[in-house]
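A short worksheet on the structure shown next.
Proteins get letters first, then strands, A, B, ... in listed order; numbering begins at 1 in each. We use all heavy atoms of the structure for the numbers below, so side chains are in, but hydrogens, waters and symmetry mates are not.
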Amino acid sequence: MDVLYFAWVRERIGLPRERVETKAATVMELVAELKAREPRYAAAFADISALRVALDQELSDFDAPLDGVREVAFFPPMTGG
Amino acid sequence: MDIRVTAEAFDFAAEAQGFSGRLEASGAVVTFSGIVRDNADGTLERMEIEHYPGMTEKALAGIAEQACGRWALEDVLVIHRHGAMRVGETIMMVATASRHRKDAFEAAEFLMDYLKSRAPFWKKEVTSGEGGAWVDAREVDEEALGRWLE
């Protein structure tokens, strides 16, 4: 699946998107896999309460299943307007 | 319904006039525009707005559709910029049109409350001599959504 990062999550991880091969069943499991990769991922995902997640461009939550999902995006709370 | 996400500057007055000019049955138009304001020290060099192409358009259209389902609106306009903007530049606008003012006012507030916290935009303030700081989401903005859930 494609994993996208925005705002300070993108800056902390150092890239805007990447292709991830995973068998993670939920967003939380994907986060755990990413955190285990490198310190920059661990830093970005240190406080999940400071993050939001979208699955296939719809806001979702961290216990949501990833079954059939093609695009996962992580970002801080939005500040539009 | 007209939803636009653009890096280009737009003319608020011309857009408001164009919106009003296309109406047939409305007696009330409410417009709101958001403008880049300077920080307390007067050192803001620019505001940078990042967004999530694809999701942004969908989220804005979804919010506008909700507004149309909830109030009797003849038309809705949302324009939101991304990229770099200087103090005084218009970031975004909404316009709503209805037969009577109450629907137009309420729908405009609803659109603003939702697009502040539910449309995927992120603001960064860049001051002279610094790399920039992401604007934190404010709790009052999240709380503002609560009143529409009743």
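Neither the backbone nor the side chain of B/H82 comes within contact range of chain A, judged by heavy atoms closer than 4.5 Å. Only the side chain of A/A54 comes within contact range of chain B, judged by heavy atoms closer than 4.5 Å. Only the side chain of B/I91 comes within less than 4.5 Å of a heavy atom of chain A; its backbone N, CA, C and O stay farther away. Looking at B/D136, only its backbone comes within 4.5 Å of chain A, counting heavy atoms on both sides. Only the side chain of A/R10 comes within less than 4.5 Å of a heavy atom of chain B; its backbone N, CA, C and O stay farther away. In this structure, the portion of B/K58 lying under 4.5 Å from any heavy atom of chain A is its side chain and not its backbone.
Most heavy-atom pairs under 4.5 Å with chain A, from the set B/A59, B/G34, B/G54: that is B/G54. Here B/H80 is the residue among B/M93, B/H80, B/R81, B/R138 with the most heavy-atom pairs under 4.5 Å with chain A. Taking B/M112, B/M92, B/K124, B/E50 one by one and counting their heavy-atom pairs under 4.5 Å with chain A, the maximum is reached by B/E50. No other option in A/Q57, A/R52, A/E71, A/E58 has as many heavy-atom pairs under 4.5 Å with chain B as A/Q57.
Environment of CZ in B/R101: sparse, with no more than 12 heavy atoms of neighbouring residues, nucleotides or ligands closer than 6.0 Å. Enclosure of atom CZ in B/R70 by more than 12 non-hydrogen atoms of other residues, nucleotides or ligands within 6.0 angstrom is indicated. Residue-environment remark: CZ (B/R37) stays at or below the threshold of 12 foreign heavy atoms within 6.0 Å. More than 12 heavy-atom neighbours from other residues, nucleotides or ligands sit within 6.0 angstrom of CZ on B/F10. A/R70 CZ: 12 or fewer foreign heavy atoms inside a 6.0 Å radius. Crowding of A/E38 atom CD: a count of heavy atoms from other residues, nucleotides or ligands under 6.0 Å exceeding 12. For A/D67, the CG atom sits in a loose shell: 12 or fewer heavy atoms of surrounding residues, nucleotides or ligands are nearer than 6.0 Å.
Side chain of B/K123 to backbone of A/G81: a donor-acceptor contact under 3.5 angstrom is found.
Closest approach of B/W122 to A/T79, counting heavy atoms only: CA-OG1, 3.3 Å.
In this structure, B/V126 is not a member of the same hydrophobic cluster as B/I35, with clusters built from ILVMFWY side-chain heavy atoms closer than 4.5 Å. Neither A/L51 nor B/F121 shares a network with the other; the hydrophobic side chains, linked directly or stepwise wherever heavy atoms of I, L, V, M, F, W or Y lie under 4.5 Å apart, form separate groups for each.
Atom CE of residue B/M55 and atom CE of residue A/M78 lie 5.5 Å apart, to the nearest 0.5 angstrom.
Two residues are said to be in side-chain contact when any heavy atoms from C-beta on lie closer than 4.5 Å; B/W134 and A/E11 meet this criterion.
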